[in-house]
Amino acid sequence: MERFSGLSLLRHAFGGHQGWKPFWREPAPKAAYDAVIVGGGGHGIGAAYYLAKEHGLRNIAVLEKGWLGGGNTGRNTTIIRSNYLFPESAALYNHALKLWETLSETLNYNTMYSPRGVLMLAHTVHDVQVFRRHVHANRAAGVDNEWLDAAQCKAFCPPLNISDNIRYPVVGGALQRRGGTARHDAVVWGYARAADAMGVDIIQNCGVTGIRRNAAGAVEGVETERGFIATPKVGVSAAGNTSVVMAMAGLRMPLESYPLQALVSEPVKPDFPCVVMSNTVHAYISQSDKGEMVIGAGTDAYTSYTQRGAMHIASHTLDAICELFPAYRRLRMLRSWGGIVDTTPDRSPIIGKTPVPGLYVNCGWGTGGFKATPGSAHVFAHTIARDEPHPINAPFSLERFRTGRFIDEAAAAAVAH
Amino acid sequence: MSDAFRTASGGRIDRARRLAFTFDGRALTGFAGDTLASALIANGVHLVGRSFKYHRPRGIMSAGSDEPNALVTVIRDRARQAPNLRATQVEIYEGLTAISQNRWPSLDFDIGGINDRVSPLLPAGFYYKTFMWPRGFWEKVYEPRIRAAAGLGRVPEGPDPDRYLQRNAHCEVLVIGSGPAGLAAALAAAESGGRVILCDEQNEMGGSLIADHTSSIAGKPAAVWVAETLAQLTAMPRVTLLPRTTAFGYYPHNHLGLVERVTDHLATPDPGQPRERLWQVRAKEVVLASGAIERPLTFPDNDRPGIMLADAAHAYVTRYGAIPGGRAVLATANDSGYRAALALHEAGVEIAAVADLRQAPSGDWLDAARRAGLLVETGATVTGTTGRMRLASVSLARVDGEGGVGGTREIGCDLLLMAGGWTPSVHLFSQSLGKLRFDETLQAYVPGAAPQRIRVAGAAAGIYDLGSALDSGFSAGAAAAGGDGKRNFVVVAAAADTGSVLGSLPHDRDPTKVRAFVDFQNDSTAKDLKLAVREGFRSVEHVKRYTTTGMATDQGKTSNMPMLGILSEAQGKTIPEVGFTTFRPPYTPTTFGNFAGTARGEQFDPVRRTPTHAWAVSQGAVFEDVGLWKRARYFPQRGEDMHAAVLRECRAVRAGVGIFDGSTLGKIEVVGPDAAEFMNRMYVNPWTKLGTGRCRYGIMLREDGFVMDDGVVGRLAPDRFHVTTTTGGAAAVLNMMEDYLQTEWPDLRVWLTSATEQWAVIAVQGPAARAVLEPLVEGIDLSAVALPHMALAEGTICGVPTRLFRVSFTGELGFEINVPSDYGQAVWEAVYAAGIPHGITPYGTESMHVLRAEKGFIIVGQETDGTVTPDDAGLTWAVGKAKPDFVGKRSLSRSGMMDANRKQLVGLMSADNVTVLEEGVQIVADPNQPVPMSVLGHVTSSYLSPSLGHPIALALLAGGRARHGETLHVPMPGGRSIAVQVVPPVFYDPEGTRLNG
Amino acid sequence: MLLIPCPYCGERPELEFRYGGQAHIARPENPAALSEEDWAGFLYMRDNEKGVHAERWRHVHGCARFFNVVRDTTTDRILGSYKAGETRPETLR
């Protein structure tokens with residue numbers, strides 16, 4: 001793998017940039033692999049990377065029905081934070097956050113992790129109680145999170161309107177300084193390039209159409225648009241299509257798939273220094289390096305696979321943005337889009353084994369999957385390689401829906417997360 | 001006030017109305033009817049902006065919403081700044097102030113232009129390969145610089161004072177676009193008598209016909225036909241014409257978003273008018289007649305000011321009378337370019353050369369050009385240009401049959417017209433989830449199968465010929481309205497041709513050195529696209545993201561198809577094999593204010609106020625938001641903070657009597673012969689044996705066994721229950737009850753009615769409560785024997801019918817008076833007056849919370865959080881053990897729910913009996929353990945108890961009930977920790993003698 | 001915003017309704033008799049159909065009735081609706 005740097009750029013500039021090599025090969029599927037990952041998003045390709053790097057599994061493939069990172073990885077608002085309430089969640093997201101901090105160097109690809117701080121606004125007495133609980137819980141979990149009063153919020157985010165003549169005035173906020181954003185495409189491309197260099201076959205335009213099981217019920221391979229591929233291990237990491245893929249192995253999942261919309265403004269000069277989230281009024285905003293205000297909306301009311309949603313959902317979010325940042329009323333929506341989020345009953349992900357031997361699943365991230373990408377990929381690879389969960393993802397089993405051992409971040413916060 | 005660059009006459013401008021405006025501080029004039037772009041051209045101004053990445057000098061490329069270059073900020077005042085507007089769409093008015101963007105210190109001299117000099121170091125995606133060393137520099141050093149260089153205009157300096165309104169509309173047929181196809185469609189649809197809406201993004205309707213003074217329709221000049229048609233449509237009462245209105249979004253079930261720009265074109269807007277208006281249209285049928293966009297050509301240095309789309313130049317001359325240059329060259333792949341060249345020629349522009357990219361073109365337009373004496377070169381190509389701030393010359397060459405390029409010659413000129421063929425505007429069709437189909441003849445994507453009720457006509461469907469466009473529009477309009485009308489329009493117009501070019505023009509220069517721009521705003525070049533392909537990107541989505549092609553503020557209107565052409569060449573694939581990117585709303589950038597509309601301040605969300613709200617305001621109450629409700633939190637007296645007020649209020653309740661507004665509690669009347677059975681199934685409690693006139697504390701679970709809601713339920717009659725819910729839970733509880741009743745147990749004869757708004761609830765609590773109420777109540781014996789704790793009776797109070805509950809959430813003797821809401825304030829005031837001799841004290845939610853915490857009563861949402869079972873909350877006593885089933889029962893016996901180590905409700909006392917714990921703090925056994933700590937639980941409520949004089953807290957603690965007496969610890973910041981003792985959760989009057997008093 | 005055909009009131013905009021998830025998941029007659037596995041199946045497991053999907057809606061700001069809608073989740077096109085308690089018509093399969 002060629003080492004990327006300012007120097008390599010300079011060297012190639014002299015050659016008119018004719019000498020750059022493909023980031024990854026275009027291999028034809030082999031007849032058999034030691035493991036197959038279904039889904040070429042950040043979580044899937046990341047898992048392949050860690051399988052190759054940390055578990056020595058290099059005869060493996062990632063099968064992507066479209067293009068790499070074309071699902072939720074390339075459709076989210078790239079917020080990264082780990083200030084979750086329950087110890088299980090904090091451990092998972094903080095594992096990811098630690099990997100984010102060195103990911104560019106690890107992959108030799110600039111993933112642009114930018115810890116500009118994620119500020120979560122409180123508007124009611126109840127919000128304050130919830131966020132203070134978070135701050136204390138996070139401190140015990142070793143996750144940075146601090147309480148700011150309204151004036152401190154304003155100092156941290158100058159465009160914020162903290163006047164009390166709005167319907168739900170800002171009364172304070174919880175700030176995670178290590179939180180921030182990263183460049184979503186770069187994560188996928190960086191992982192793909194590094195995984196490919198270790199021999200992982202990354203195969204695009206190769207939809208999986210079936211999961212073949214032997215007499216004992218264990219996985220023996222996948223049927224694809226490009227033929228049968230034998231493999232004893234299949235890791236499904238197909239957000240937005242999990243139920244469809246799992247049904248190929250005869251499994252019903254505790255998932256419902258909803259549209260989630262996001263939008264950007266036209267680019268403007270730097271104005272917004274951090275990430276602000278308000279679950280109470282449904283506003284999520286940051287400014288990209290390019291200058292676009294990146295805004296996330298809530299999910300639509302009904303399940304859908306159309307990757308689009310209704311206007312009133314986006315409008316509702318812009319109501320809140322315009323109240324919190326009243327100068328932004330004159331900004332203009334440049335582009336809006338939708339993803340498909342698989343949501344679980346307790347709004348926490350499922351990462352682990354399944355009742356089918358050799359079949360593993362990583363799904364149910366709802367609206368929060370991007371931030372977990374490296375951590376999720378890392379523990380998912382562990383689970384596939386060892387046929388047992390990593391201690392970090394053990395609580396996130398499919399089992400918990402039988403026993404009732406929920407990790408209910410949404411209910412605990414009484415908000416979407 | 002030179003009009004050197006104006007035609008002598010003609011066009012749609014009003015030469016009698018001269019308007020003054022400024023651009024970058026320079027005073028200029030134009031005419032009414034001008035856009036900023038046409039006025040600048042008429043003033044000879046061609047340098048208008050700087051590109052995004054390389055800060056290249058840029059001019060005006062188009063005459064419409066596809067403009068990538070000429071972006072400006074229009075400033076009315078400090079707060080009324082609008083960044084990133086297209087000069088080609090800004091209508092000038094007297095006093096208009098516009099400035100250029102993305103340049104410093106000035107448009108002529110821009111430091112950012114250094115990027116252009118080092119552009120070899122900045123190929124597509126350079127930032128993915130660099131800025132990684134040293135770690136930490138990305139955020140602190142590199143990123144801030146990249147961000148400062150990026151962005152275009154600036155955010156306005158202050159809250160937007162303008163208003164935005166929204167309007168819902170329904171129609172049988174919505175016609176988008178008022179060119180020939182759209183007008184014909186509207187005519188046909190209107191003839192059916194249905195409601196028709198015709199919208200167009202331009203200020204004037206007519207589309208391509210506005211600038212067309214060579215064609216005729218039905219024997220009349222095109223402009224006359226347009227005027228007559230519009231007059232005819234205007235006269236029809238069920239037709240709505242919306243100029244300056246962009247259909248930007250196509251949502252499910254034919255729901256469309258349109259934005260009407262109401263005042264931006266006016267010098268002094270009427271303050272009664274909104275700036276813009278969002279139309280949400282539900283259309284039975286849609287006819288899309290959005291026309292087509294001309295393609296630029298991809299050749300080296302194709303981005304200089306003075307290089308313009310041919311059709312745009314045509315519009316500037318014929319529609320605006322603005323002359324875009326003195327000496328022009330036309331590079332064209334089709335006949336329509338000739339129309340522009342001839343119009344310019346007529347206007348006195350010297351046409352130095354016509355470079356026809358086709359090897360052997362022929363036809364009427366060529367003949368006309370030759371007749372006019374234009375020099376036409378066929379099989380030509382453009383290999384480069386010169387001129388930094390304005391085009392100075394163009395290099396033309398010949399392409400031989402094998403694609404060899406030679407015979408280059410340089411022609412001095414200040415205007416280069418590009419005519420690369422047409423791209424149908426299928427954006428909204430694609431948004432509707434319609435499938436696109438590549439038409440090999442047209443070399444363009446055209447509409448295919450449509451899943452929604454949409455028809456496409458005219459150029460948007462690839463039908464360029466005027467007569468056919470009119471015919472197609474008419475048929476589409478008639479069919480949309482449910483008819484089958486056809487009309488053959490008699491037109492005299494030049495035949496349309498389909499010539500077009502995709503991909504780069506051939507040239508003989510070093511391809512690694514030259515830059516041929518594809519996305520002009522984002523500065524992505526043919527070279528960048530090829531680099532992406534070289535680096536292994538195959539999907540067009542990848543190439544788009546890697547090179548940012550098509551992601552600028554024009555969203556690829558002029559760059560998408562050239563990109564596909566270049567990718568097709570670079571990958572050796574056909575265009576359909578290359579694929580295309582999905583179109584998404586909005587069609588053009590749409591102001592946030594439109595979506596927010598009037599949802600600001602109090603209008604942001606409905607406000608629910610209780611019947612005593614005004615009284616509480618008059619008493620100086622401080623309110624809190626609970627859901628949509630405003631609730632009085634405390635009633636401070638002079639100089640009191642919340643703490644002091646709460647202390648006083650709580651003491652008053654314990655010592656005398658307090659009055660509290662509980663009206664926000666949800667109320668549901670459950671009525672019917674099977675009401676008790678229904679309650680048995682919905683709540684954990686047993687209800688069968690609850691006597692009439694008695695109450696019970698009810699707990700409702702979700703089917704998964706976790707506490708969902710609670711509240712006191714009174715039985716008014718064998719078949720009638722008065723159910724109360726939490727303030728926030730009312731709607732969800734009723735919805736869940738209705739769900740089970742309607743879908744699981746439709747056989748039960750039960751009816752549910754929300755009564756939250758019907759009853760005002762006045763809680764009177766404290767030892768003196770009975771004494772206060774007795775004189776006011778008729779028909780109810782308030783004595784402890786007749787009306788014991790958890791009893792209810794109906795009668796009157798102050799002459800008003802009441803349901804009087806003997807209940808207590810404070811631990812004191814207490815009553816909750818339910819009266820019809822309209823009497824709420826009157827009864828409240830009467831009770832208050834009667835209580836004055838007893839020192840009656842109004843108290844708010846904060847004191848209510850403290851008083852109940854002293855008694856160990858939980859609040860759903862504070863002690864519970866969606867993961868708490870009745871047993872966790874210490875409420876097992878309430879569960880009807882004998883009941884075979886109730887909602888959530890089965891879930892309670894799941895293995896994870898029976899774990900002895902579940903978190904259970906306990907009381908906590910600070911070991912020093914002084915420190916008030918913060919709510920939300922964590923509880924651990926060993927405060928000195930390393931992080932991450934093993935946490936046993938957390939504090940849910942914590943107060944300094946006014947009644948006991950020491951701190952109290954409620955907590956959820958792992959295996960808590962078995963830990964009474966243990967000392968645990970609360971870690972605090974800075975390594976400090978607080979020792980706490982685990983105690984039972986009832987701190988005050990555990991025997992309940994006071995509330996039974 | 002969807003246009004939802006309430007079988008009692010006719011087509012109304014989505015804002016008047018509340019979504020109710022997959023249709024035809026009946027609460028077991030005797031939950032106590034179910035294994036943990038089967039109970040979890042009832043509580044949580046869903047078809048999450050990519051394609052034609054029978055789902056519940058409630059006309060909460062209208063007639064307040066629950067009813068079933070058949071919708072294609074790949075296009076959001078609604079094929080039809082019918083009352084709660086009725087079996088899914090053959091024409092809506």
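Since the structure is predicted, the reported quantities are computational estimates derived from the model, not experimental observations. Residue numbers begin at 1 in each chain, while the letters A, B, ... track the order of the sequences.
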- Message: For the OG1 atom of Thr590(B) and the CZ atom of Arg332(A), what is their distance to the nearest 0.5 Å?
- Response: 8.0 Å
- Kindly compute the distance separating CZ (Phe131(B)) from OG (Ser5(A)), expressed to the nearest 0.5 Å. 12.0 Å
- With distance as the sole test, does Glu323(A) use its side chain to make a donor-acceptor pair with the main-chain N or O of Gly601(B) at under 3.5 Å? yes
- Item | Atom pair CG (Leu122(B)) and CG (Leu9(A)), whose distance is rounded to the nearest 0.5 Å | 7.5 Å
- Which portion of Phe52(B) sits near chain A, non-hydrogen atoms under 4.5 angstrom: side chain
- Task: List the steps and the verdict of side-chain contact (heavy atoms from CB on, under 4.5 Å) for His255(B) and Met311(A).
- Result: CA-CA 9 Å; His255(B) 186 234; Met311(A) 184 174 19; 3.6 Å; yes
- Item | Heavy-atom proximity to chain A below 4.5 Å, by part of Gln431(B) | backbone
- Which bit of Val921(B) is near chain A, if near means a heavy-atom gap under 4.5 Å: side chain, backbone, both or neither? both
- Decide side-chain contact (heavy atoms from CB on, under 4.5 Å) for Leu152(B) and Val268(A); before the verdict, give the C-alpha distance in whole Å, the side-chain angles of both, and the deciding distance to 0.1 Å. CA-CA 5 Å; Leu152(B) 292 166; Val268(A) 285; over 6 Å; no
- Atom pair OG (Ser114(A)) and CD (Glu143(B)), whose distance is rounded to the nearest 0.5 Å: 3.5 Å
- Message: Once salt bridge (charged side-chain N to carboxylate O under 4.0 Å, His left out) is applied, what residue pairs with a partner in residues 593-605 of chain B remain, sequence neighbours excluded?
- Response: Glu602(B)-Arg609(B)
- Query: For the residue pair Arg329(A) and Thr591(B), what are the closest heavy atoms and their distance?
  - Reply: O-CG2, 3.0 Å
- Task: Measure distances from Tyr250(B) to the heavy atoms of chain A and classify the residue's part below 4.5 Å as side chain, backbone, both or neither.
- Result: backbone
- Message: Whether Arg538(B) and Glu26(A) form a salt bridge (side-chain N of Lys/Arg under 4.0 Å from carboxylate O of Asp/Glu) is what I want to check.
- Response: yes
- Looking at Ala552(B), Pro159(B), Gly536(B), Ser891(B), which makes the most heavy-atom pairs under 4.5 Å with chain A? Pro159(B)
- Query: Around Trp337(A), counting heavy atoms of other residues, nucleotides and ligands shown, do more than 12 lie under 6.0 Å from its CH2?
  - Reply: yes
- Task: Assess the pair Phe537(B) and Trp189(A): is the distance between their ring centroids shorter than 6.0 Å?
- Result: yes
- Item | Under 4.5 Å from a heavy atom of chain A, the part of Asp899(B) involved | side chain
- Shortest non-hydrogen contact between Phe401(A) and Arg894(B), atoms and distance: O-NH1, 3.4 Å
- Query: Looking only at side chains, do Asn102(B) and Lys269(A) share a donor and an acceptor under 3.5 Å apart?
  - Reply: yes
- Item | Exercise: identify the closest heavy-atom pair between Pro932(B) and Ala141(A) | CB-O, 3.5 Å
- Query: Using non-hydrogen atoms only, which part of Asn522(B) is less than 4.5 Å away from chain A: side chain, backbone, both, or neither?
  - Reply: side chain
- Query: So, are Arg133(A) and Asp865(B) salt-bridged, with charged N and O less than 4.0 Å apart?
  - Reply: yes
- Message: Given heavy-atom pairs under 4.5 angstrom as the criterion, report whether the side chain, backbone, both or neither of Leu85(B) touches chain A.
- Response: both
- Task: For Asp162(B) and Arg330(A), work out which heavy atoms get closest and say how close.
- Result: OD2-NH1, 2.7 Å
- Please flag which part of Pro973(B) lies under 4.5 Å from any non-hydrogen atom of chain A: side chain, backbone, both or neither. both
- Contacting moiety of Pro606(B), where chain A heavy atoms sit under 4.5 Å: backbone
- Task: Kindly give the heavy-atom pair with the smallest separation between Val155(B) and Ala327(A), and that separation in Å.
- Result: CG1-CB, 4.1 Å
- Mind running side-chain contact (heavy atoms from CB on, under 4.5 Å) on Gln287(A) and Arg147(B) for me, showing each step along the way? CA-CA 9 Å; Gln287(A) 187 172 14; Arg147(B) 291 168 80 87; 3.7 Å; yes
- Working for side-chain contact (heavy atoms from CB on, under 4.5 Å), residues Glu105(A) and Met132(B): CA-CA 7 Å; Glu105(A) 292 164 302; Met132(B) 288 178 279; 5.5 Å; no
- Kindly compute the distance separating CG (Asp625(B)) from NE2 (His123(A)), expressed to the nearest 0.5 Å. 10.5 Å
- Message: Angle between ring planes, Tyr128(B) versus Tyr109(A), binned at 30° and 60°: parallel, tilted or perpendicular?
- Response: parallel
- Message: So for His938(B), is it side chain, backbone, both, or neither that comes closer than 4.5 Å to the heavy atoms of chain A?
- Response: side chain
- Task: Under 4.5 Å heavy-atom distance to chain A, tell me which part of Arg702(B) shows up: side chain, backbone, both or neither.
- Result: side chain
- Task: Determine yes or no for a side-chain-to-main-chain donor-acceptor pair under 3.5 angstrom, with Asn110(A) supplying the side chain and Thr130(B) the backbone.
- Result: yes
- Item | Per-residue contact mode, Val924(B) against chain A (heavy atom under 4.5 angstrom) | neither
- Query: So, the side chain of Arg167(A) versus the backbone of Gln603(B): is there a donor-acceptor pair under 3.5 Å, distance only?
  - Reply: no
- Query: Which residue out of Phe248(B), Tyr546(B), Trp133(B) racks up the most heavy-atom pairs below 4.5 Å with chain A?
  - Reply: Tyr546(B)
- Query: When heavy-atom pairs shorter than 4.5 Å are enumerated against chain A, which of Glu624(B), Gln555(B), Glu919(B) gives the highest number?
  - Reply: Gln555(B)
- Query: When rounded to the nearest 0.5 angstrom, what distance separates CZ in Arg335(A) from CZ in Arg584(B)?
  - Reply: 9.5 Å
- Query: Gly404(A) and Phe706(B): which non-hydrogen atoms are nearest, and at how many Å?
  - Reply: O-CZ, 3.9 Å
